[in-house]
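Chain naming here is simple, since letters A, B, ... match the order of the sequence lines and numbering starts at 1 in each.
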Amino acid sequence: MKYDFANIEKKWQDKWEEAGIFHASEDHSKPKFYGLVEFPYPSGAGMHVGHIKAYSGLEVVSRKRRMQGYNVLFPIGFDAYGLPTENYAIKTGMHPRLVTDKNIEKFTSQLKRVGFSFDWTRVVDTTEEGYYKWTQWIFRKMFDAGLVFRATTLVNYCPVCKVVLSNEDSQGGKCDICHNDIVQKSKDVWYLRITEYADKLLQGLEKVDYLPNVKLQQENWIGRSEGAFVNFALTNCDETLRIYTTRCDTMFGATFMVIAPEHPIIEKYADRIANIDELNAYKEECAKKTEFERTQLVKDKTGVCIKGIAAINPATGKEIPIYISDYVMMGYGTGAIMAVPAHDERDYDFAKKFGIEIIEVIKGGNIEEAAYTGDGEMVNSAFLNGIKTKKEAIAKMLEYLGEKGIGEKGVQYKMKDWAFNRQRYWGEPIPIIHCPKCGMVGVPYEELPLRLPNMENFAPGEGGESPLAKIESYVNCTCPKCGGAAKRETDTMPQWAGSSWYFLRYTDAHNENALADPENLKYWMPVDWYNGGMEHVTRHMIYSRFWHRFLYDIGEVPVEEPYAKRTAQGLILGPDGEKMSKSKGNVVDPNDVVDEYGADVLRVYTLFMGDYASAAPWSENSVKGCKRFLDRVASLPDMVKGSGVTPKLETSFHKTIKKVSQDIEEMKFNTAIAAMMSLVNDITECGSLTKDELVSFIGILCPFAPHLCEEIWEILGGEGFLSASAWPTYDEAKTVDSEVEIAVQICGKVRGTITIAVDAAQADVIAKAKADEKIAAQLAGKQIVKEIYIPGKILNIVAK
RNA sequence: GCGGGUAUGGCGGAAUUGGCAGACGCACAGGAUUUAGGAUCCUGCGGGAAACCGUGCAGGUUCGACCCCUGUUACCCGCACCA
């Protein structure tokens, strides 16, 4: 047949759409499969070949599942709130709504050109009222549950985007969006109390099937640590200084203390501190340092000793000095530590620089040289002396602290509460009203959605306040509780909000009375398989697991964990081996590939280019190789002779069907395609195949190259759609060759090969090997020591 | 610094998990066909005349190691003064 891919692809896309064969059904009696891919942010640049690879994986799995008789939900949508759109709108004067609509349209047409089997009746757009109503609804539920709070803190502020950023969005001291330097600023910030869910999020990982490195990254992100809180008595003060430590066993070695520069005790006892000016100067200096400077100066410790207040080491009873230093941070633990220079590297560096006493309490290292952090025998530690393990010493010390009532076991997390607001326009309005009498009051549920008002100038105000603050009719309102005059919150939610529950909405995308019908949730959840990028396994996945777990706790969803399985695809690099980026000019546009080679080639290539989970560079030549493969497939109908089985090809067919079936489950798409290429080579060599064989071949190729396969199916007179027909089966017995060639080794080196029956007896195999000329020559004059035969694989004769 | 991962032809990558290393594809070379080919079809393709040598490097275990163990180097990805 002629492989006119452009017409073939259009023809089948139209037919699929018309017949609606990829729509998930609400027949809940059938077994279901919910495959989820990360919905795209509809940027102005359009799609990227990376998107294609990201979706192609589960596309193949979903198509296979349908052919296996599952009711498949494979949805798509758009995570459309966000800064790039807003910034573009500010620059061009075009309303973000229009920009978003235009971009979604572009993405939709690109996705459809590739022939993805998404259920287009369930598209979710996070900026639609019908959707963000429920985003706000969930927020309100969290507010009711006490998981929302407001606090004045130093925040990461981007002076360019004029927006407050979460810690996650400002890593490395650079803005995640514009990559400019971030400054610290004091602001009122909305927080979601995600730390309350730290343990639940950690425990939830035990029940799910995530790639090991995905799980590990989440564990590290949550960062649970077990230790102790201890209260140190102070001189010249009525209160104690509370610290957190994981090494209370080393307390006898604590020769000083360190508190964060922002620690409140300084201000509180300013009048008793002799060098308060010096401390304040240091504090100011620290505030000016960028994140970058701080991390660069890790080894070069700075600090100031507090004069006028000291601490008492509760183990030794000795007075020890207190320093302020920026190597201790207010945001972790209590903002204060006991410093044990002999057994902590940071404390060691500090003590060396400031000439503080270093007392060894664990044997094993050389404290003249460096801090020793390993295990060993306790010394200089009174009642701990002689103990040989950390674990035992910690237990004993905890007992002592408990008896004296000055300390107890404690747990800390690295994860911080989630800064949940942006002073920007293009986001979900936060449904809260500030009443001078009642305080913060939630917008009543029946008034949701709280609509994002239309406006002309959505540039943020100079002070960084939300553009919504400029609309008086929006800001001024009445308190739902007392009916008095009140002001509406003008901040909006961060981009992560909409993507924190979109997978629930897909199960019932148009429901006006609930986020989704409970019956639908019960049937479809959890997501059976979620695939996406590694860059989303911490932030997006942790946030969405948190929201989902909250919804479970209040009885809104039926399962604890939203994602039963999580995998991740590798990046597609540019032809130069570098990460694709506009500035490098190495971006490949999927449209160009579809124009020149067809959508089927694009799909096959993105899956064939290498291990699905690894990064691989784009190669135009390899794309051509995939085109050649499909050209050869297109010529197979011309080689059909008769029906039934071609004896020479029978085993190849059964083997290939088996391999492709298994490889798809393990995301080994590259080897699945390689196996199908091999089969085509076998068929070409053979010269012909039967109609039945071709039908089974296009069956297994269909998830990869559906347009071409449908076309061949039609030529062969198939009824309905190949995509809706049954997945080819194989006979295990026929995947095994009756005869195999095995290698014969002499002393571990291959000296020849012999062909034997698969089930040949060892004695026969050895006899046949010895009869082989080459083998006999090698064995001549030698004495056989040992003969090892691994059935069907190898024969090794050890001889001297 | 800590944690995780990777290392195989000129290139992308395979290898039933301890059993013929280099499947499949690309590139390259030779041939056929063609007015022509950047189209198609054959053939060859790790190195070496060969004996042999070859999975980052050095050892070890084993009849047998890309695979397991010890040490080492390089690169990639997370986290990063987390007490």
Side-chain angles (χ1 to χ4, degrees), chain A residues 171-172 212-221 223-225 227-228 243-248 250 254 257-258 260 291 294-295 297-301 325-329 331-340 343-347 349-350 412-416 534-535 537-538 570-571 573 577 604-605 608-611 613-626 628-629 631-632 635 659 662 668 670-681 684 741-753 785-799:
Chain A
Q171 284 177 23
N213 55 336
V214 170
K215 231 181 230 192
L216 196 73
Q217 274 196 37
Q218 294 199 11
E219 280 166 6
N220 289 344
W221 189 266
R224 184 189 155 96
S225 112
I243 61 117
Y244 176 71
T245 178
T246 54
R247 296 296 306 271
C248 65
T250 62
M257 300 190 80
V258 185
E291 189 85 14
R294 285 187 63 170
T295 50
L297 298 171
V298 167
K299 281 280 162 192
D300 191 17
K301 298 277 183 291
S325 173
D326 65 352
Y327 84 89
V328 171
M329 278 149 303
Y332 185 80
T334 60
I337 63 160
M338 66 172 199
V340 185
H343 305 289
D344 181 285
E345 281 174 39
R346 296 152 299 174
D347 300 344
D349 292 342
F350 193 88
Q412 278 293 302
Y413 300 93
K414 287 187 199 171
M415 188 167 68
K416 309 262 194 328
M534 278 309 289
E535 69 275 23
V537 306
T538 46
L571 284 178
L573 305 173
V604 169
Y605 175 63
F608 181 65
M609 59 194 301
D611 173 28
S614 307
W618 184 267
S619 158
E620 174 104 17
N621 276 326
S622 294
V623 177
K624 286 178 189 164
C626 293
R628 277 201 271 274
F629 167 56
D631 283 339
R632 297 177 73 192
S635 71
K659 178 145 185 69
Q662 288 178 346
K668 290 164 81 173
N670 54 338
T671 51
I673 294 167
M676 290 187 280
M677 287 172 166
S678 283
L679 180 59
V680 171
N681 290 346
T684 309
E741 191 182 69
I742 65 159
V744 182
Q745 299 181 327
I746 311 289
C747 297
K749 288 195 161 56
V750 179
R751 297 301 183 186
T753 57
V785 180
K786 207 171 175 184
E787 287 158 334
I788 298 145
Y789 176 58
I790 308 297
K793 288 187 174 162
I794 207 159
L795 173 65
N796 189 9
I797 301 171
V798 186

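With B:G25, B:G3, B:C79 as the candidates, the nucleotide lying closest to the side chain of A:K414 is B:C79. Side-chain proximity of A:K301 to B:A23, B:C81, B:C63: nearest is B:C81. Set against B:C79, B:C63, B:A39, the side chain of A:W221 has B:C79 as its closest nucleotide.
Using a 90° window around 0 for the glycosidic torsion, B:G9 falls inside it and is classed as syn. Syn is the glycosidic conformation of B:U17, whose angle stays within 90° of 0. Within 90° of 0 lies the glycosidic angle of B:A49, which makes this nucleotide syn.
Of all non-hydrogen atoms in A:C626 and A:F608, the two that sit nearest each other are SG-CD2, 3.9 Å. Shortest non-hydrogen contact noted between A:M338 and A:T250 is CE-OG1, 3.8 Å. When all heavy atoms are compared, the tightest approach of A:A799 to A:C747 is O-SG, 3.4 Å. Closest approach of A:I337 and A:D347 over heavy atoms only: CD1-OD1, 3.7 Å. The two residues A:G331 and A:K416 come nearest to each other via the heavy atoms O-CE, 3.6 Å.
To the nearest whole angstrom, the two C1' atoms, one in B:G19 and one in B:C68, are 15 Å apart. Distance check on atom C1': B:C41 versus B:U34 gives 12 Å, rounded to whole Å. Using atom P as the reference point in both B:C20 and B:G10, the two lie 23 Å apart (nearest Å). To the nearest whole angstrom, the two C1' atoms, one in B:G12 and one in B:G22, are 13 Å apart. For the P atoms, the distance from B:A23 to B:U8 is 16 Å, rounded to whole Å. For the C1' atoms, the distance from B:U62 to B:U72 is 23 Å, rounded to whole Å. As rounded to the nearest Å, B:A65 and B:A58 have C1' atoms that lie 16 Å from one another. A gap of 39 Å separates the P atoms of B:G18 and B:C28, to the nearest Å.
For A:N621, a side-chain nitrogen or oxygen approaches OP1 or OP2 of B:A27 to under 4.0 Å. For the pair A:R628 and B:C26, the criterion of a side-chain N or O lying under 4.0 Å from OP1 or OP2 is met. Residue A:Y244 places none of its side-chain N or O atoms closer than 4.0 Å to OP1 or OP2 of B:A83.
Within 4.0 Å (heavy atoms only), A:E741 reaches at least one base atom of the nucleic acid. Across all strands, A:N681 comes closer than 4.0 Å only to sugar-phosphate atoms, never to a base (heavy-atom distances). Contacts of A:R224 with the nucleic acid, taken as non-hydrogen atoms under 4.0 Å apart, are absent.
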Nucleotide-resolved protein contact map, nucleotides 11-19 of chain B, B/S/- at heavy-atom distance under 4.0 Å: -BSSS---B

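In this structure a side-chain-to-backbone donor-acceptor pair under 3.5 Å is present from A:N796 to A:G748. With hydrogens and angles disregarded, a donor-acceptor distance shorter than 3.5 Å links the side chain of A:Y244 to the backbone of A:G227. Formation of a donor-acceptor pair under 3.5 Å by the A:Q412 side chain with backbone atoms of A:G333 is found in this model. Distance alone, capped at 3.5 Å, places no donor-acceptor pair between the A:Y605 side chain and the A:W618 backbone. With hydrogens and angles ignored, the 3.5 Å screen pairs a side-chain donor or acceptor of A:Q218 with a backbone N or O of A:V537. For the pair A:T671 (side chain) and A:A674 (backbone), a donor-acceptor distance under 3.5 Å is absent.
If A:R751 and A:N213 are placed on RNA chain B by their nearest nucleotide, the residue sitting closer to the 5' end is A:N213. Nearer to the 5' terminus of RNA chain B, by closest-nucleotide assignment, is the contact made by A:T538 (compared with the other of A:I337 and A:T538).
Straight-line distance from the CE atom of A:M329 to the P atom of B:A80: 10 Å, rounded to whole Å. Between A:I742 atom CD1 and B:C20 atom C1' there is a gap of 10 Å when expressed in whole angstrom units. One interatomic measurement links the two molecules: NZ of A:K786 to P of B:U62, which rounds to 10 Å at whole-angstrom precision. Atom CG in A:L679 sits roughly 12 Å away from atom P in B:G25 (whole-Å rounding). We find that CZ of A:R632 is positioned 15 Å from C1' of B:A39, with the value rounded to whole Å. If you take CG of A:N220 and C1' of B:C77, they are 12 Å apart, rounded to a whole angstrom. Straight-line distance from the NZ atom of A:K749 to the P atom of B:G64: 10 Å, rounded to whole Å. Spacing between atom CG of A:D349 and atom C1' of B:A83 amounts to 14 Å, rounded to whole angstrom units.
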Dot-bracket encoding per residue of RNA chain B, Watson-Crick/G-U cut-off under 3.5 Å, | denoting interstrand: (((((((..(((......[....))).(((((.......))))).((....))..(((((..]....))))))))))))....

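By the 6.0 Å and 45° rule, A:K301 stacks over the aromatic ring of A:Y327.
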